Amino acid sequence: MSLIDIRKRCLIVETTFHEYGPPPAVPLKLAASCAVIRNPYAGRYEPDLMPFMAELRGLGTLLATELVDTLGKDSIEVYSKAAIVGLDGEMEHGAVWHEAGGWAMRSVLGEPKAMVPAVKAVAVAGYRMMVPVHYIHASYVRSHFNSIEIGIQDAPRPGEILFALVMGTGGRVHARLGGLTREAVSAHDGQR
């Protein structure tokens, strides 16, 4: 029997046309693909979460593919992942997404090197969360530090988990605070 039972999915697309200055040649798009699933371990302690983590790779691939289809694979420059666990769960039920969601995005995007940032919480339905993003090939590209808000009004219910993957098409509109630039990435180790 599958551990993944989806109640609801949501796709959020945020398009920024300008930040008071001149409009960029191409608007910035950030998108989040979310799925609300039944928490198979709600209300009890389960010592072995590895089967759940392994099965979540399929969900991760589904969400990552939706983002690539929405934004265009060659346009994606930032990514991240998030989990909101309902009150009958524990933080570790959201932490399973680190490997499953990160693996899925890397696989779909052709194995970018930068770590995938993440955020997670145990919270009530309707909780809103800011998800940090950064450049997919090097974590320290300052212009690409940004965030997108996720959340669904009726999720997660106490026995559910909301899992999300985030991708975007570039850095902040009008980024001008120095630091490592995308063009200067040279080490190809995911950091600098």
Side-chain angles (χ1 to χ4, degrees), residues 6 8-37 56-84 97-98 100-121 126-153 155 162-185 188 190-191:
I6 299 173
K8 178 179 274 197
R9 294 207 27 222
C10 173
L11 176 65
I12 301 163
V13 180
E14 178 181 295
T15 305
T16 302
F17 294 96
H18 68 84
E19 289 285 351
Y20 299 108
V26 177
L28 170 66
K29 288 185 182 263
L30 293 173
S33 181
C34 308
V36 179
I37 71 165
L56 280 169
R57 282 185 167 200
L59 180 63
T61 300
L62 178 70
L63 301 184
T65 300
E66 180 174 50
L67 291 170
V68 166
D69 291 347
T70 299
L71 299 173
K73 183 176 180 179
D74 294 336
S75 299
I76 294 167
E77 294 188 12
V78 298
Y79 59 12
S80 191
K81 58 190 181 297
I84 306 172
W97 198 231
H98 284 295
W103 171 87
M105 283 198 293
R106 282 197 170 100
S107 179
V108 167
L109 291 173
E111 304 301 328
K113 299 289 186 210
M115 63 171 265
V116 182
V119 63
K120 57 192 166 303
Y127 184 77
R128 308 293 296 180
M129 173 181 279
M130 294 304 294
V131 182
V133 299
H134 68 219
Y135 187 50
I136 65 173
H137 296 299
S139 299
Y140 296 120
V141 176
R142 191 179 300 160
S143 60
H144 285 53
F145 296 165
N146 205 347
S147 62
I148 182 173
E149 184 182 43
I150 66 155
I152 297 176
Q153 166 267 336
L162 187 160
F163 288 115
L165 295 180
V166 172
M167 294 182 193
T169 60
R172 296 183 314 280
V173 174
H174 308 312
R176 54 194 184 276
L177 298 176
L180 178 65
T181 64
R182 183 189 67 187
E183 295 77 20
V185 171
H188 304 289
Q191 301 300 312

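Keep in mind that what you see is a predicted model, and the values were worked out from it rather than measured. Residue numbers count from 1 along this sequence.
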Could you tell me whether the side chain of Met115 reaches within less than 4.5 Å of the side chain of His134, counting heavy atoms only? yes
Rounded to the nearest 0.5 Å, the CD1 atom of Ile152 sits from the SG atom of Cys34 at a distance of 5.0 Å
Taking all non-hydrogen atoms of both residues, which atom of Ser147 and which atom of Val133 are closest, and how far apart? N-CG2, 4.2 Å
Spacing of CD belonging to Glu111 relative to CD1 belonging to Ile136, to within rounding of 0.5 Å: 11.0 Å
Find out whether Phe145 and Val78 are in side-chain contact, i.e. whether some heavy atom of one side chain is under 4.5 Å from a heavy atom of the other. no
Please tell me if the side chains of Trp97 and Leu59 come closer than 4.5 Å, counting only heavy atoms from C-beta onward. yes
Judged by atom type as modelled, is there a donor-acceptor pair below 3.5 Å linking the side chain of His98 to the main-chain atoms of Val116? no
Side chains of Arg172 and Leu177 in contact at under 4.5 Å (non-hydrogen atoms): yes
Nearest heavy-atom pair of Val185 and Ala138: which atoms, and what distance? CG2-CB, 3.7 Å
State, with a plain yes or no, whether a side-chain heavy atom of Ser107 is found less than 4.5 Å away from one of Thr61. no
Under 3.5 Å, which donor-acceptor pairs do the side chains of residues 9-20 form with other protein atoms, sequence neighbours left out?
residue: Arg9; atom: NH2; partner: Glu66; partner atom: OE1; Å: 2.9
residue: Arg9; atom: NH2; partner: Glu66; partner atom: OE2; Å: 3.4
residue: Thr15; atom: OG1; partner: Lys29; partner atom: NZ; Å: 3.4
residue: His18; atom: ND1; partner: Tyr20; partner atom: N; Å: 2.9

Go through Val119 and Met130 one step at a time and tell me if the side chain to side chain contact (heavy atoms under 4.5 Å, CB included) criterion holds. CA-CA 8 Å; Val119 63; Met130 294 304 294; over 6 Å; no
State, to 0.1 Å, how close Ala164 and Ile150 come at their nearest heavy-atom pair, and which atoms those are. CB-CD1, 3.7 Å
Take Leu180 and Tyr135, measure what side chain to side chain contact (heavy atoms under 4.5 Å, CB included) needs, and give me the verdict at the end. CA-CA 11 Å; Leu180 178 65; Tyr135 187 50; over 6 Å; no
Side chain proximity check, Ser139 to Lys113, heavy atoms < 4.5 angstrom: no
Closest non-hydrogen atom pair between Ala64 and Leu165, with its separation: N-CD1, 3.6 Å
If we only count heavy atoms from C-beta on, is the Leu63 to Leu67 side-chain gap below 4.5 Å? no
Using 0.5 Å steps for rounding, measure from the CD atom of Glu77 to the OG1 atom of Thr169. 7.0 Å
Quick one: pull up CD in Gln153 and NZ in Lys8 and give me the separation to the nearest 0.5 Å. 6.5 Å
What is the distance from atom CZ of Arg57 to atom CG of Leu62, rounded to the nearest 0.5 Å? 15.5 Å
Sequence neighbours excluded, which residues qualify as side-chain hydrogen bond (donor to acceptor under 3.5 Å, both in side chains) partners of Lys73? none
Non-hydrogen side-chain atoms of Ile37 and Leu56 separated by less than 4.5 Å: yes
Please report the closest heavy-atom contact between Met129 and Ala82, naming both atoms and the distance. SD-CB, 4.0 Å
Please report the shortest heavy-atom distance between Gly101 and Lys81, naming the atom on each side. C-CD, 4.3 Å
If I take atom OG from residue Ser80 and atom CE from residue Met167, how far apart are they, to the nearest 0.5 angstrom? 10.5 Å
